[in-house]
Novice: 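Supplied in structure tokens, the structure appears directly below.
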Amino acid sequence: MNQAKKKNFKIEPFKHKVEMDPKYAEKTWKILEDAIHEIYNHNASGLSFEELYRNAYNMVLHKYGEKLYSGVVTTMTQHLREIARIVEAAQGGLFLEELDVKWREHNKSLQMIRDILMYMDRTFVNNFNKTPVHELGLNLWRDHIVRSPKIRDRLLRTLLDLVHRERTGEVINRGLMRNITKMLVELGTNVYQEDFERPFLDAASDFYRLESQQLIETSDCPDYLRKAEKRLNEEIERVAHYLDSKSEAKITQVVEREVIGNRMKLLVEMENSGLISMLIDDKYDDLGRMYSLFRRISTGLQTMRELMTAHLRETGRQLVTDPERLKDPVEFVQRLLDEKDKYDRIIQQSFNNDKMFQNALNSSFEYFINLNIRSPEFISLFVDDKLRKGLKGVSEEDVELVLDKVMMLFRYLQEKDVFEKYYKQHLAKRLLSGRTVSDDAERSLIVKLKTECGYQFTSKLEGMFTDMKTSRDTMQGFNATSAGTEGNEGPTLTVQVLTTGSWPTQSGARCNMPTEILAMCDKFKMYYLSTHTGRRLTWQTNMGTADLKATFGDGNKHELNVSTYQMCILYLFNQADRLTYKEIEQATDIPALDLKRSLQSLACVKGKNVLRKEPMSKDISEDDVFVFNDKFSSKFYKVKISTVVAQKESEPEKQETRQKVEEDRKPQIEAAIVRIMKSRRLLDHNNIISEVTKQLQARFMPNPAVIKKRIESLIEREFLERDRVDRKLYRYLA
Amino acid sequence: MAHDRVHLNVGGKHFVTSRTTLANAGRGSMLAAVIDENWQLVPDIASNELFIDRNPAYFTVLLDLLRTGELHIPPGMLEKPLYREAEYYGILDHVKAARKGPLNGNRLDCVASISGRATGDGTAIRASPDGGCCVAHGSMVHVYDWLMEEKTPLTLDYVNVNDVGFLSPNRVVICTGERENGAGGMASFNTKTGKIEHKFQVVHDGESKNFTAAALASNDIHVYASCRGRSYEYGVGTWDQITGRQVTFLYEGPGRPLGDACKMQWLPRTNLLLVANLFPSSDHCFITLLDSRTKGKVWSWTDVALRGTADEKIVMDTVAMEECSTVCVVNQFDNLGFIDMRTNNQGVRWSHRYQPSKISEAEERCYSKLACSGSQLFSSKNDSVYVFCSPDWDASKGVQTARLRRKEGGAISDISVGGDRLFVLHNEEDVFDVWETPGPSQIVDIY
């Protein structure tokens, strides 16, 4: 105790605390405060940075950091209040300029204040989690200037007003705008967004809602779209010039929504100028514009596509069901091709080759081409026409082009097997009459069909070409042998040996040929069978042709090119000048329909009537009498008397072909069913139907009812059986 | 260029330098500001020079640093005042960078050995991002700044500290056991003031509950800690560093024990959180990697199935080496093991570098601790730290490249890597060593 007292006594003088000048902090702060005033008053040139820095450093060092910091806040706030008053007082248009000037001044002052207080920023601010001086200055500016009640609304109104004026065509000071928006961004993205961007977007929304309303009432669709595009570009340009780049997506979205999205239906459906009339009139530019604008809206292209599809289907339906059009198959197909070309061009030029639009186009074509049951026939007829005469003098590439287009239509067909039937018939006719223009073109098309539908589809067609070739060889051989035998002044015979099955032969064809011809035929038959044993030859008189030399009155000589039937009829007139229909029918034994046709072309075609008919009329009746037309004359030596052949099939023929097709489908369906069941063993009805359809749809669309019949037939023949428990299940019987 | 020339008068001594040299200091420094055009440089007309009221001796060294990028400390000059001057001019970072290179386990010097006032029983040492550290002693946490000056110790009302971590050089988080009166748990402190900043609460069903925080990890935004509540509210809590509010709480489930975890590590590259339940706080070892966004388990390893074999290896510590996609473990015999992080259900590849040594039961033994830096692994064993350098893709192929040992101190109880320094805490005496790699340009005077 004593010792302690002693110690205390001794030590006490030394314990005297070194007191700092109590006014030290006040004094130092005063210096700094004055400096800040001077900086704000642009009077900093007299200040010594080193002195101020040292003073701030000392304050922090001596634990007056808090005083320094709060002093800065107070002083800065005081200045900002003053600035706010000046800015508020600025008149009209000077308001923004004043704000801009003050902002730049504040920034510079802030920079200098921060320089002085750098040490505080590094230590005190860091240690006590305060806001650094620069950020503090921005926050104070935000709170006391930008968000002060008197400035906030006025600033927003001024900015929005300027934008509005620019939208209505006035020129504004973009540089100033840029500075102000930049200031808002620097104060924090949320300041820019809350105090400017959001109201700006709302105002734009209102503006464009109104404008698009007026515009849509006064403009047509292309005009509207042009203006919309212009507006969109203007807004993008505006962002580039004086708004934050993040606003671009937002403002374009507003324009898209107000100007396009909300008016989409009205626009595309606009009468006389909407999408449909653009399509009709091939307005590539307008369509392209519509596409690029509508692409911005999520449902835009879909809307366009739907309308285009509906339009395509409707016009297509009209096209394929128009009875006028059905009269000329070539014209009919040409129309389809033109339509396809037109839309291909539109999609390519205006729709950026958009896959979705291509799909829509294809599905529409597929839809309406199959609406007309005769489309396969017509397409085949179109090809027939092209290959007969249409391709004369056309370059190889162009031929390919036409064929490619036809193949495209072919792809849309559901009943490809029907096409095959007709194609076979038409090809047979072309080959037998030697009328095909280009062998290359024929073969090229077959290759295309082969790549499209496979080997099976074209094997018979190729067989036909092979037959033609072997026939030529056979004839050479025959001619060689018959040339050796003497006394050969009779008619020349050219035979084409056709394989049954490959060709569309009719079994019922018959007629009594003139004896001279018959003799030749028998000779050939003997020759042929001597080289090919075990074969059977039948004469397809309905498909042949003959060249006859005929002498008319006044010694007029002509060579007549006629069908086999016509030859038989004309031969009769070698013996008689006048024959009744009945007599002809009896003598030739030609089927009535063919006979009538042949007679019609011999007697009723002007300029080619080697026979006269009594009474004179267009149609042949059973009581008619035919007389050799002695007065026949023609400019040409050679006269071609074509049979009046309906290019299109007549109604009963059509029925017949149809039936044949159905008949042919049966084994194909059955084969498919057996194939499927063999691998699956057990399957229910619906699945069989869908599997069969899948397998066969490359050739035709099988009818579920027909499939069902086939299944039943297979059950009868014990290929399949029904499951005993579940009657819907079928079981394969190996 | 005469225009480029700057005349300075520092504490009476005349210096001539160039603006370019001063600009090397960076815009945020006092030396750059002094020549900024904002301060319409009006030199003293008479002398045509700028006056700076500081000690010219230190300025000479610092100006030289700006000129050459090298730090040359003349003999007899103390480092501390030099740093103070550097701080004044705002170029302390330059000095630090010149003084200390990036941590390289093969070129480490022991730059300091700091003795505390307590006698042993240091629980843990943790490095701060700026090169400082803190040591937990019972219910105290001693904080040292990068100059190894001790700050105000943090006393925690006699609750034992479980784990400590730095959020920033100025902020530490401390995990403690819970106490009935609501004390304990977890809180962050300001190291400058020694005052509490946030007390992190765990809220279950809208009700704030007492809890014990065992291990912690942090990234730039969040703090994660394994927590045990009284009523089995076990799991990992996530808090916002700025507000101190709880963000989520991930409850543990079967096959996914979390609350008992005694080691956690944040993996910044993959945004994963490593949570390890180790002996002795749990019977079995579970190491789990959690996705920080989905809070789902993306990887895990456990030794449940392996227990009971003859040479039972119990994992005592673990560290994930993200660069090598490997989780490293160490067992009670100081054997290192490696688990591939890229595929699940991997076994441990043990390296038999160390043979099980005879453990004398009498003395308290320090188990091996792990730390890593890039593809270097640090492992303590007795009184040494061993450094392994591994190829980038496979830590288990690593080779021991260095051994760090000091004569004093004795067995090592904890190590920590951070701020380009390795801190080694000794068990018997209250002493820790600071190891760092010398800067590339530091010139040490020998005369």
Side-chain angles (χ1 to χ4, degrees), chain A residues 28 31-32 34-36 38-66 68-69 104-135 137, chain B residues 6 8-11 22 25-45 49-55 59 83-93 130 143 145 151-152 167-171 188-195 197-198 241-244:
Chain A
T28 317
I31 296 171
L32 289 167
D34 287 347
I36 293 173
E38 294 298 313
I39 287 170
Y40 268 109
N41 296 333
H42 321 301
N43 216 359
S45 56
L47 300 173
S48 157
F49 168 71
E50 191 273 340
E51 184 192 338
L52 297 171
Y53 182 86
R54 178 156 37 86
N55 280 319
Y57 170 80
N58 283 333
M59 277 190 83
V60 175
L61 208 63
H62 294 117
K63 307 258 183 281
Y64 291 111
E66 186 57 50
L68 178 61
Y69 191 85
R104 264 181 287 154
E105 286 174 7
H106 174 68
N107 255 334
K108 194 180 165 194
S109 308
L110 189 57
Q111 177 67 45
M112 294 174 80
I113 293 169
R114 188 174 68 156
D115 283 350
I116 299 173
L117 302 174
M118 213 179 267
Y119 188 79
M120 181 184 80
D121 252 356
R122 265 202 306 276
T123 53
F124 174 79
V125 165
N126 202 8
N127 291 347
F128 292 88
N129 294 331
K130 301 274 186 187
T131 314
V133 175
H134 184 77
E135 209 182 319
Chain B
V6 182
L8 295 171
N9 180 341
V10 181
L22 291 183
R27 183 62 191 89
S29 71
M30 181 268 190
L31 286 178
V34 90
I35 54 162
D36 192 273
E37 58 185 9
N38 270 346
W39 294 100
Q40 314 209 321
L41 211 60
V42 193
D44 194 342
I45 306 295
E49 60 189 16
L50 285 162
F51 176 70
I52 297 176
D53 184 12
R54 303 302 289 186
N55 186 332
F59 187 73
Y83 298 145
R84 185 197 62 212
E85 290 301 301
E87 176 84 322
Y88 179 85
Y89 296 117
I91 54 171
L92 188 56
D93 289 341
D130 77 335
V143 185
D145 69 8
K151 303 287 184 144
T152 324
L167 299 181
S168 73
N170 298 331
R171 299 176 76 199
S188 70
F189 293 80
N190 187 323
T191 59
K192 300 279 169 177
T193 59
K195 285 190 181 124
E197 273 185 343
H198 297 296
Q241 282 182 14
I242 311 272
T243 62

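Please read these numbers as outputs of a predicted model, since none were measured by experiment. In what follows, chains are A, B, ... by sequence order, proteins preceding strands, each numbered from 1.
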Novice: Residues two or more places apart in sequence or in another chain: which of them pass salt bridge (Lys or Arg N to Asp or Glu O under 4.0 Å) with A:D34?
Specialist: A:K30
Novice: Quick check: do A:F128 and B:T193 have side-chain heavy atoms less than 4.5 Å from each other?
Specialist: yes
Novice: Using a 4.5 angstrom heavy-atom cutoff, name the option from A:T123, A:N126, A:I116, A:D115 with the most pairs to chain B.
Specialist: A:D115
Novice: Pick one of side chain, backbone, both or neither for A:L61, based on which atoms fall under 4.5 Å of a heavy atom in chain B.
Specialist: neither
Novice: On a heavy-atom basis, which atom in A:M118 and which in B:G28 lie closest, and how many Å separate them?
Specialist: SD-O, 2.9 Å
Novice: If I measure from the heavy atoms of chain B, does A:L117 come under 4.5 Å with its side chain, its backbone, both, or neither?
Specialist: neither
Novice: Quick check on A:R122 against chain B: is it the side chain, the backbone, both or neither that has a heavy atom closer than 4.5 Å?
Specialist: side chain
Novice: Taking A:E50 for the side chain and B:L50 for the main chain, is one N or O donor matched with an acceptor at less than 3.5 Å?
Specialist: no
Novice: Under 4.5 Å from any heavy atom of chain B, what part of A:S48 do you find: side chain, backbone, both or neither?
Specialist: neither
Novice: Measuring only between side-chain heavy atoms, which start at C-beta, is A:F49 closer than 4.5 Å to B:M30?
Specialist: yes
Novice: Donor-acceptor check, side chain of B:N190 to backbone of A:N127, threshold 3.5 angstrom: yes or no?
Specialist: yes
Novice: Heavy atoms, side chains only, cut-off 4.5 Å: are A:N129 and B:E197 in contact?
Specialist: yes
Novice: Residues in salt bridge (Lys or Arg N to Asp or Glu O under 4.0 Å) with B:D93, at least two apart?
Specialist: none
Novice: Taking side chain as everything from C-beta outward and backbone as N, CA, C, O, which of these in B:R54 sits under 4.5 Å from a heavy atom of chain A? Side chain, backbone, both or neither.
Specialist: side chain
Novice: Relative to the ring of A:Y119, is the ring of B:Y88 parallel (under 30°), tilted (30 to 60°) or perpendicular (over 60°)?
Specialist: tilted
